[in-house]
Amino acid sequence: MFELMSSLKNYIIYKNSFLKKRMFIIYITGGITKMKSINTQGITYFEQLDGSCKWYWGTDYIHGDLYEAEELFEEKHKIKSNTLLFIHYPDGEVIEPIKPQDGQYFGRPIYYDSHIIILLVDFNNQQIKLEQYDETIAAISLIASILLSDVRDCYNLMLHTSPLMLTRQGNENKFEIIYPNKVQLDIDNNESFCFRKDEKLYFSAWFEDEDYREEVIIRDINTGKIIDRKSGAIKVMPDGQVWIFS
């Protein structure tokens, strides 16, 4: 669903009808509307790529998220790969760095050190792969390959920065760093990992006691002990700034 803002009229039109395999972007400048048609293979929802102001990403979630695809594989279902596309702003260029292959599935990508980083799980070969796309030369390269057996499951298997990390936060009240080194910490079930800064890990925690509230909890990466806690909600901006809303 796209929001079309007219500089000539004070109203908003919501348009959610699309031609098959097309996404339309409307540009409005000086009262003149320009329409660009972009082939997105039927994918119509795109969101900003974490860490970038110029790239957007989208997928068709053919089997749901990565964990749901893993469950289907374990139940002996055939896994058809999701399609992972990126759109560059403002020119609207669409790229597909890795073509889908049956038995593989993409997780949520990020942008780090001027590269698109792609999380790919190859269920057939029991591997987790971190792939890097270099937009300057339009080439893909493998950063790391991890045995799928090294993780309990793909629940909340996520890429983060900085540095580049692959983490997992399951429902057993543990937080794990899987790459580049292995760390496992006990956390509370109301904590959600946000980012790392040097030897400190920042979590967002929510409380539903008398009134709903949020806190930022800072833990030592080596011991897991709480170093500090601050009232408010935390947000990492695309340029790396950290904002705390309190």
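All values below were derived from every heavy atom in this structure, side-chain atoms included, with hydrogens, water molecules and symmetry-related copies excluded.
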Task: Check: Phe73 ring centre within less than 6.0 Å of Phe123 ring centre - done: yes

Open item on the list: Checking the side chain of Thr59 only, and the main-chain atoms of Thr83 only, is there a donor and an acceptor separated by less than 3.5 Å?
Closed with: yes

TODO: Run the numbers on Tyr179 and Met165 for side chain to side chain contact (heavy atoms under 4.5 Å, CB included), then give the verdict.
DONE: CA-CA 5 Å; Tyr179 174 89; Met165 296 182 299; 6.0 Å; no

Task: Phe195: which of Thr161, Leu201, Val242 passes side-chain contact (heavy atoms from CB on, under 4.5 Å) - done: Val242

Open item on the list: side chain to side chain contact (heavy atoms under 4.5 Å, CB included) for Asp153 and Glu74? Distances and angles first, verdict last.
Closed with: CA-CA 11 Å; Asp153 53 44; Glu74 291 177 348; 5.7 Å; no

Open item on the list: For residues Phe175 and Val216: do they belong to one hydrophobic cluster (side chain heavy atoms under 4.5 Å, members Ile, Leu, Val, Met, Phe, Trp, Tyr)?
Closed with: no

Task: salt_bridge(Glu172, Arg152) N-O dist < 4.0 Å - done: yes

Task: Pairwise side-chain contact, Ile226 with Phe203, heavy-atom cut-off 4.5 Å (strictly under) - done: no

Task: Side chain Gln169, main chain Glu191, donor-acceptor under 3.5 Å - done: yes

Open item on the list: Has His63 got a side-chain atom pairing as donor or acceptor with Glu68's backbone, closer than 3.5 angstrom?
Closed with: no

- [ ] Walk me through it: do Phe193 and Asn156 pass the test side chain to side chain contact (heavy atoms under 4.5 Å, CB included)?
- [x] CA-CA 10 Å; Phe193 177 68; Asn156 280 337; over 6 Å; no

Task: Shortest non-hydrogen contact between Pro100 and Ser81, atoms and distance - done: CB-OG, 3.4 Å

Open item on the list: Hydrophobic cluster membership, with links at side-chain heavy-atom distances under 4.5 Å among I/L/V/M/F/W/Y: are Ile62 and Leu84 in one?
Closed with: no

Open item on the list: Please list all pairs meeting salt bridge (charged side-chain N to carboxylate O under 4.0 Å, His left out) that have one or both residues in residues 113-135, counting only residues at least two apart or in different chains.
Closed with: Lys54-Glu135

Open item on the list: Rounded at 0.5 Å granularity, tell me how far CG in Leu120 sits from OH in Tyr105.
Closed with: 12.0 Å

Open item on the list: Quick test of your reading of the model: are Arg108 and Asp50 salt-bridged, counting only N-O distances below 4.0 Å?
Closed with: yes

Task: Distance in Å, Ile117 CD1 paired with Leu166 CG, rounded so as to fall on 0.5 Å steps - done: 12.0 Å

- [ ] Kindly compute the distance separating CD1 (Ile244) from CD (Glu215), expressed to the nearest 0.5 Å.
- [x] 11.5 Å

Task: Nearest heavy-atom neighbours spanning Gln48 and Cys53 - done: NE2-CA, 3.3 Å

TODO: Check Thr167 against Ile178 and note the closest heavy-atom contact, atom names and distance.
DONE: C-CD1, 4.3 Å

Open item on the list: Given 3.5 Å as the limit, does a donor-acceptor pair link the side chain of Glu70 with the main chain of Cys154, or not?
Closed with: yes

Task: All salt bridge (charged side-chain N to carboxylate O under 4.0 Å, His left out) counterparts of Asp186, not counting sequence neighbours - done: Lys174

Open item on the list: Could you see if Phe106 belongs to whatever hydrophobic cluster contains Phe86? Use Ile, Leu, Val, Met, Phe, Trp, Tyr and a side-chain cutoff under 4.5 Å.
Closed with: yes

Open item on the list: Testing the basics here: between Ile43 and Phe46, what is the closest heavy-atom pair and its distance to 0.1 Å?
Closed with: O-CE1, 3.3 Å

Task: Path from Ile146 to Leu148 over hydrophobic side-chain contacts below 4.5 Å - done: yes

Task: Student check: side-chain heavy atoms of Val236 and Tyr202 closer than 4.5 Å - done: no

Task: Between CD on residue Gln104 and CG on residue Asn125, distance to nearest 0.5 Å - done: 7.5 Å

Task: Minimum-distance pair of heavy atoms, taken over all atoms of Gly92 and Lys36 - done: N-NZ, 4.3 Å

Task: Side-chain heavy atoms of Ile38 within contact of Val94, under 4.5 Å - done: yes

- [ ] Would you give the length of the straight line joining atom CD1 of Ile177 to atom CG of Leu185, rounded to the nearest 0.5 angstrom?
- [x] 7.0 Å

Task: Note, Ser149 side chain near Gln126 side chain (heavy atom, < 4.5 Å) - done: no

Open item on the list: Side chains of Glu208 and Trp206 only: does a donor on one sit below 3.5 Å from an acceptor on the other?
Closed with: no

Task: Heavy-atom side-chain contact between Ile218 and Lys230 under 4.5 Å - done: yes

- [ ] Tell me, please, which residues at least two apart from Tyr133 pass ring-ring contact (aromatic ring centres under 6.0 Å, His included).
- [x] none

Open item on the list: Does any part of the side chain of Asp188, heavy atoms only, come nearer than 4.5 Å to the side chain of Ile217, both counted from C-beta?
Closed with: no

Open item on the list: If I compare all heavy atoms of Phe207 with all of Arg229, which pair ends up nearest, and what's the gap?
Closed with: CZ-NH2, 3.9 Å

Open item on the list: Side chains of His88 and Trp55, heavy atoms from C-beta outward: is any pair under 4.5 Å?
Closed with: yes

- [ ] Please tell me if the side chains of Glu93 and Ile95 come closer than 4.5 Å, counting only heavy atoms from C-beta onward.
- [x] yes

Task: Reported CD1-to-CG distance for the pair Ile110 and Leu130, which is rounded to 0.5 angstrom - done: 9.0 Å

